[in-house]
Amino acid sequence: MFGLDAFELARIQFAFTVSFHIIFPAITIGLASFLMVLEALWLKTRNDTWRDLYHFWLKIFAVNFGMGVVSGLVMAYQFGTNWSGFSAFAGSITGPLLTYEVLTAFFLEAGFLGVMMFGWNRVGPGLHFFSTCMVALGTLMSTFWILASNSFMHTPQGYEIVNGQLIPAEWFKVVFNPSFPYRLLHMATASFLSTAFFVGASGAASAARQ
């Protein structure tokens, strides 16, 4: 196809998938913390404006969260279909890092997201706010593990090569590899800035229509 071999086609397909996917986690990370702030302001002031804003952005957050999960699954499958050789070589390190993300972050987010979405009139205000905080914490924990895996692929350390496979020698060095702190800070900052522009632009567009 267009003179491209399977390797180049795999790179194009994966680039498209990850470029589409990253939009949703970035907004999810920022919106989760934004929702936490909105609910905290409502609890402090009991001003219904904060509550209405919370419910408005909660719907957008839920759709965004779902889209991030679906597009992320496609990307995960492509690790096996497009990059099976790499997965066989480095899977003993990248696999556990992605598993930690699911066990510590995604389960936390998914569990408390149900309380956020459907528990406003079913649980107390304190428990509901706690659920919002846990979802926000979960998004940041997810960022931690995903960036640890991504950074290791760029600046690997703490590993050995045994029988043609990467074997973790020191997990602390694997996770906290040289580029990890900078990539984590960059991604978290980018997420909050992207969300700020997203929320600000939505508000500006709404004001312009009125």
Side-chain angles (χ1 to χ4, degrees), residues 1-30 32 64-111 113 135-194:
M1 179 180 179
F2 303 114
L4 302 174
D5 58 21
F7 173 71
E8 292 168 324
L9 290 172
R11 295 188 71 176
I12 291 171
Q13 185 185 42
F14 192 81
F16 171 79
T17 304
V18 72
S19 297
F20 181 75
H21 168 73
I22 193 59
I23 297 170
F24 301 107
I27 300 300
T28 296
I29 294 165
N64 198 79
F65 183 89
M67 289 296 295
V69 171
V70 172
S71 58
L73 285 174
V74 175
M75 189 170 59
Y77 278 117
Q78 287 181 3
F79 279 121
T81 57
N82 295 20
W83 310 111
S84 56
F86 173 76
S87 297
F89 173 67
S92 60
I93 290 181
T94 58
L97 290 176
L98 296 179
T99 301
Y100 297 152
E101 188 265 338
V102 172
L103 293 177
T104 63
F106 180 74
F107 284 176
L108 183 69
E109 296 172 80
L113 178 63
V135 171
L137 175 63
T139 61
L140 294 175
M141 291 173 63
S142 180
T143 308
F144 177 93
W145 289 115
I146 295 298
L147 266 294
S149 178
N150 180 271
S151 299
F152 174 82
M153 290 188 281
H154 290 273
T155 54
Q157 69 172 12
Y159 68 93
E160 298 175 354
I161 299 180
V162 179
N163 297 324
Q165 290 183 315
L166 290 184
I167 302 298
E170 294 185 52
W171 274 111
F172 186 86
K173 287 186 176 181
V174 168
V175 174
F176 295 95
N177 56 80
S179 67
F180 170 69
Y182 309 103
R183 292 177 184 276
L184 179 63
L185 178 62
H186 178 271
M187 185 65 222
T189 304
S191 298
F192 289 127
L193 284 174
S194 299

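Only heavy atoms go into these numbers, but all of them, side chains included; no hydrogens, no water, no symmetry mates.
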Taking the side chain as every heavy atom from C-beta outward, state whether Tyr77 and Asn82 have any atom pair closer than 4.5 Å.
-> no
Within-4.5 Å side-chain heavy-atom neighbours: Pro156 and Asn177 | no
Val174 side chain reached by Gln157 side chain, heavy atoms, under 4.5 Å = no
Has the side chain of Thr139 got a donor or acceptor atom that lies under 3.5 Å from a matching backbone atom of Ala136?
-> yes
Report the distance from atom NE2 of His186 to atom OG of Ser179, rounding to the nearest 0.5 Å.
-> 12.0 Å
Are Phe79 and Phe86 close enough, and set up right, to give a ring pair (Phe, Tyr, Trp, His ring centres under 6.0 Å), and what steps lead you there?
-> CA-CA 8 Å; Phe79 279 121; Phe86 173 76; 7.2 Å; no
Walk me through it: do Ile146 and Leu98 pass the test side-chain contact (heavy atoms from CB on, under 4.5 Å)?
-> CA-CA 7 Å; Ile146 295 298; Leu98 296 179; 3.6 Å; yes
Close side-chain approach of Pro25 to Ser142, heavy-atom, < 4.5 Å | no
What's the verdict on side-chain contact (heavy atoms from CB on, under 4.5 Å) for Trp145 and Val175, showing C-alpha distance, side-chain angles and the deciding distance?
-> CA-CA 8 Å; Trp145 289 115; Val175 174; 4.1 Å; yes
Which atom pair, heavy atoms only, marks the closest approach of Phe192 to Ile29?
-> CE2-O, 4.1 Å
Interatomic distance, CZ@Arg183 vs CG@Leu147, rounded to 0.5 Å, equals 8.0 Å
For the residue pair Val135 and Leu113, what are the closest heavy atoms and their distance?
-> CG2-N, 3.7 Å
With side chains defined as the heavy atoms from C-beta onward, is the minimum distance between Gln13 and Leu9 less than 4.5 Å?
-> no
How close do Leu97 and Ser149 get, heavy atom to heavy atom, and via which atoms?
-> CD1-CA, 3.6 Å
At their closest point, which heavy atom of Thr17 faces which heavy atom of Ser71, and how far apart are they?
-> CG2-O, 4.1 Å
Side-chain contact test, heavy atoms from C-beta onward, threshold under 4.5 Å: evaluate it for Ile167 versus Tyr159 and give yes or no.
-> no
Gap separating the CE atom of Met75 from the CZ atom of Phe14, nearest 0.5 angstrom | 5.5 Å
Can you run down the side chain to side chain donor-acceptor pair (under 3.5 Å) pairs that involve residues 162-176, sequence neighbours left out, and say none if there aren't any?
-> none
State the CE-CG distance between Met153 and Leu166, to the nearest 0.5 angstrom.
-> 11.5 Å
In short, Gly80 meets Ser87 closest at the heavy-atom pair N-OG, 4.3 Å
Quick one: CE on Met67 to CD1 on Ile27, what's the gap to the nearest 0.5 Å?
-> 13.0 Å
So do Trp83 and Phe7 actually touch side chain to side chain, heavy atoms under 4.5 Å?
-> yes
Compare every heavy atom of Gly72 with every heavy atom of His21, then report the nearest pair and how far apart it is.
-> ND1-N, 3.2 Å
About how many Å separate CG of Leu184 and CG of Asn150, when rounded to the nearest 0.5 Å?
-> 11.0 Å
Does Leu108 reach the side chain of Phe106, with side-chain heavy atoms less than 4.5 Å apart?
-> no
State yes or no: are the ring centers of Phe180 and Phe144 separated by less than 6.0 Å?
-> yes
Residue His154 excluded, over 12 heavy atoms near NE2 under 6.0 Å = yes
